[in-house]
Amino acid sequence: MKILLMVIGSISLGLGMIGVVLPVLPTTPFLLISLACYMRSSRKLYDFVLSNKYLGPYVKDYVDGKGIPIKAKKRAIFLIWITIGFSVLFVIDKIFLRLMLLTIASIVSIYIWTRSTPESKNIADINQQ
């Protein structure tokens, strides 16, 4: 089971790394999947992702319980709807599959939007300090 989780985690990590440079592919969800797999299979790989200077910032706040930054939420939801919308309008012709994709996109969007958002200091708060 550990080997299977490491393979799934590594595939997800690879997709997340591609997502860093390819804006159509969401990075954070793939990195979270890889962390979930590594948590149960390899502490060394789990720590690698979190401590990596390029990958860590995408998931560190979420793992620390601080939530998902609002910018990341908006970007993820936007990309979900662009890719699903394109598929529904131009690729898939079966109504059942279209409805299924739209339902999945809605549920994932609601899930992402309802996650907590880290509090950011605004300029007025900084000036008062």
Side-chain angles (χ1 to χ4, degrees):
M1 188 62 166
K2 282 187 175 190
I3 292 172
L4 178 61
L5 287 171
M6 287 176 64
V7 169
I8 293 169
S10 297
I11 291 169
S12 182
L13 178 63
L15 291 171
M17 290 169 61
I18 292 169
V20 170
V21 295
L22 190 63
V24 177
L25 197 61
T27 302
T28 305
F30 287 117
L31 294 180
L32 290 174
I33 291 169
S34 68
L35 285 176
C37 291
Y38 291 155
M39 186 185 319
R40 292 166 181 82
S41 62
S42 171
R43 182 65 185 194
K44 185 176 180 180
L45 290 171
Y46 178 85
D47 291 339
F48 166 77
V49 174
L50 282 180
S51 63
N52 185 281
K53 70 178 183 177
Y54 300 109
L55 304 175
Y58 285 98
V59 292
K60 190 135 180 65
D61 283 341
Y62 188 80
V63 170
D64 290 343
K66 296 177 184 173
I68 304 171
I70 193 73
K71 184 178 176 181
K73 285 182 181 185
K74 289 178 181 178
R75 182 173 184 229
I77 292 171
F78 174 75
L79 291 173
I80 287 168
W81 284 101
I82 289 293
T83 55
I84 296 290
F86 180 82
S87 296
V88 166
L89 293 174
F90 301 111
V91 178
I92 297 174
D93 59 351
K94 301 213 183 301
I95 191 72
F96 173 76
L97 293 177
R98 287 180 176 177
L99 291 173
M100 185 177 74
L101 282 177
L102 291 171
T103 301
I104 291 169
S106 298
I107 291 169
V108 171
S109 296
I110 291 167
Y111 177 81
I112 291 171
W113 194 254
T114 57
R115 298 304 96 199
S116 63
T117 303
E119 292 186 28
S120 60
K121 293 184 177 183
N122 62 34
I123 296 186
D125 292 340
I126 293 171
N127 289 336
Q128 290 177 352
Q129 294 179 351

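Along the sequence shown, the residues carry numbers beginning at 1.
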Are [Y] and [X] connected in a single hydrophobic cluster, I mean Ile/Leu/Val/Met/Phe/Trp/Tyr linked by side-chain heavy atoms less than 4.5 Å apart?
{"X": "Leu79", "Y": "Val20", "value": "no"}
{"X": "Leu15", "Y": "Leu31", "value": "no"}
{"X": "Leu35", "Y": "Met6", "value": "yes"}
{"X": "Ile18", "Y": "Val59", "value": "no"}
{"X": "Phe90", "Y": "Leu101", "value": "yes"}

Would you find a donor on one side and an acceptor on the other, under 3.5 Å apart, between the side chain of [X] and the backbone of [Y]?
{"X": "Arg115", "Y": "Tyr111", "answer": "yes"}
{"X": "Arg98", "Y": "Val88", "answer": "yes"}
{"X": "Ser12", "Y": "Ile8", "answer": "no"}

Taking all non-hydrogen atoms of both residues into account, name the closest pair between [X] and [Y] and its distance.
{"X": "Gly65", "Y": "Ser116", "value": "O-OG, 4.3 Å"}
{"X": "Gly9", "Y": "Ser34", "value": "O-CB, 3.1 Å"}
{"X": "Thr117", "Y": "Lys73", "value": "OG1-NZ, 2.6 Å"}
{"X": "Leu55", "Y": "Asn52", "value": "N-OD1, 3.0 Å"}
{"X": "Ala105", "Y": "Ile80", "value": "CB-CG2, 3.8 Å"}
{"X": "Ile112", "Y": "Ala76", "value": "CD1-CB, 4.1 Å"}

What distance do [X] atom [atom1] and [Y] atom [atom2] have between them, rounded to the nearest 0.5 Å?
{"X": "Ile68", "Y": "Thr114", "atom1": "CD1", "atom2": "OG1", "result": "8.5 Å"}
{"X": "Leu102", "Y": "Ile107", "atom1": "CG", "atom2": "CD1", "result": "11.0 Å"}
{"X": "Ile104", "Y": "Leu97", "atom1": "CD1", "atom2": "CG", "result": "9.5 Å"}
{"X": "Tyr62", "Y": "Leu32", "atom1": "OH", "atom2": "CG", "result": "6.5 Å"}

Requested in this report: Check whether more than 12 heavy atoms from other residues, nucleotides or ligands sit under 6.0 Å from atom CD1 of Ile3, and answer yes or no.
Outcome: no
Report task. Run the numbers on Val49 and Leu45 for side-chain contact (heavy atoms from CB on, under 4.5 Å), then give the verdict. Result -> CA-CA 6 Å; Val49 174; Leu45 290 171; 5.8 Å; no
Report task. State, yes or no, whether a side-chain contact exists between Trp113 and Lys74 at a heavy-atom distance under 4.5 Å. Result -> yes
Report task. May I have all residue pairs that pass salt bridge (Lys or Arg N to Asp or Glu O under 4.0 Å) and include part of residues 55-65, sequence neighbours excluded? Result -> Lys60-Asp64
Query raised in the report: Of Ile11, Val7, Leu5, which is the lone residue that meets side-chain contact (heavy atoms from CB on, under 4.5 Å) with Cys37?
Result: Leu5
Query - Pair Val91-Phe86, side-chain contact (heavy atoms from CB on, under 4.5 Å): steps then yes or no - result: CA-CA 7 Å; Val91 178; Phe86 180 82; 3.7 Å; yes
Query raised in the report: Without hydrogens or angle criteria, can the side chains of Tyr38 and Ser10 be said to hold a donor-acceptor pair below 3.5 Å?
Result: yes
**Report entry** Pair Lys2-Ser42, side-chain donor/acceptor within less than 3.5 Å
**Finding:** no
Requested in this report: List, by chain and number, the other hydrophobic cluster members for Ile95, where Ile, Leu, Val, Met, Phe, Trp and Tyr join if side-chain heavy atoms come within less than 4.5 Å, directly or indirectly.
Outcome: Leu99
Query raised in the report: For Ser109, which residues count as a side-chain hydrogen bond (donor to acceptor under 3.5 Å, both in side chains) partner, sequence neighbours excluded?
Result: Trp81
Report task. Dump the intermediate steps for side-chain contact (heavy atoms from CB on, under 4.5 Å) on Leu50 and Val63, then the final yes or no. Result -> CA-CA 9 Å; Leu50 282 180; Val63 170; 4.1 Å; yes
Report task. Check the pair Phe30, Leu13 against side-chain contact (heavy atoms from CB on, under 4.5 Å), reporting the backbone distance first and the verdict last. Result -> CA-CA 6 Å; Phe30 287 117; Leu13 178 63; over 6 Å; no
